[in-house]
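Data block below; observations after.
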Amino acid sequence: MKFFVDTADVDAIRELHELGMVDGVTTNPSLIMKSGRDIKEVTAEICAMVPGPVSAETVALDAEGMIAEGRELAKIADNITIKVPLTWAGLQACKVLTGEGRMVNVTLCFSANQALLAAKAGATFISPFVGRLDDLNIDGMDLIAEIRQIYDNYDFSTEILTASIRSANHMKEAALIGADVATAPPNVIKAMANHVLTDKGLDAFMADWAKTGQSIV
Ligand code: E4P
């Protein structure tokens with residue numbers, strides 16, 4: 001499973017990138033707002049650091065506007081993925097932009113039918129939001145499993161990009177289902193390294209090591 005980082009925080013991306021944990025990046029208008037940076041400037045910086053797909057989201061609500069914004073965002077770098085919402089207009093924009101050979105990430109997906117339409121429209125990535133479904137007491141991972149089955153049934157090449165990930169457990173579940181990609185905030189990716197028994201075991205080893213009076217270097 002590929003790891004995308006869901007942030008526009010360049011320092012946080014760099015830390016994970018240096019460890020080989022970043023296959024791509026996703027941003028959205030809220031994350032750009034949080035960064036306090038200019039969208040083109042910060043996105044260009046991210047694209048120069050990470051060779052994989054970097055999603056930059058359009059904000060127009062009509063297809064023509066999305067297409068114009070998508071073309072503009074695509075000028076930033078070759079690895080830009082244009083992010084459009086899963087509306088009818090978004091699907092129209094997806095069809096046009098992918099027809100021009102551009103990568104498109106269709107976002108704000110909350111149903112298998114929406115994902116089916118995105119695949120038919122030629123989306124490069126579909127972004128189902130699991131955390132926001134969980135917030136409504138609907139199991140977001142059920143949606144990932146449904147989309148996996150539908151895409152496999154018909155050999156769609158659209159990649160399932162599990163989004164709105166809130167926990168390390170979400171990462172494990174996405175990987176078990178066979179999602180192609182998971183995008184998560186940096187703290188969630190780092191939390192995957194944590195285990196209480198690792199901490200406990202390390203404490204015990206350190207205590208015993210101190211008793212030996214030895215040093216390795
Ligand atoms: C994905 O592309 C979105 O930017 C993101 O995963 C949304 O996550 P949230 O529901 O935690 O805001």
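Just follow the structure's listing: the first ligand is 1, and inside any ligand the first atom is 1.
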Ligand 1 atoms nearer than 4.0 angstrom to some heavy atom of Ala163 are 1 (C), 6 (O)
Do me a favour and list the nearest non-hydrogen protein atom to atom 7 (C) of ligand 1 with residue, atom name and distance?
Phe129 CE2, 3.6 Å
Nearest to atom 12 (O) of ligand 1, what protein heavy atom do you find, and at what distance?
Arg132 NH2, 2.8 Å
Hey, could you give me each pair passing side chain to side chain donor-acceptor pair (under 3.5 Å) that has a residue in residues 188-205? Not counting sequence neighbours.
Glu15-Lys190
If you draw a 6.0 Å radius around CG in Asp152, do more than 12 non-hydrogen atoms from other residues or ligands fall strictly inside?
yes
Does a side chain donor of either Asp6 or Thr26 reach within less than 3.5 Å of an acceptor in the other side chain?
yes
Suppose we measure from atom 8 (O) of ligand 1 to each protein heavy atom; which comes out shortest, and what is that distance?
Ser164 CA, 3.3 Å
Contact atoms of ligand 1, heavy-atom distance to Arg166 under 4.0 Å:
9 (P), 10 (O), 11 (O)
Asn79 (side chain) donor-acceptor with Val54 (main chain) under 3.5 angstrom:
no
Take atom CD in Glu100; do more than 12 heavy atoms of anything else shown fall under 6.0 Å from it?
yes
Is it true that, when you exclude Ile138 itself, more than 12 heavy atoms of the residues, nucleotides or ligands shown sit nearer than 6.0 Å to its CD1?
yes
So which heavy atom in the protein is nearest atom 4 (O) of ligand 1, and how far is it from that ligand atom?
Asn28 ND2, 2.7 Å
Checking a contact table here: which protein heavy atom is nearest atom 5 (C) of ligand 1, and how many Å away?
Asp6 OD2, 2.8 Å
Quick one: look up the protein heavy atom nearest atom 2 (O) of ligand 1 and list residue, atom name and how far away it is.
Lys83 NZ, 2.7 Å
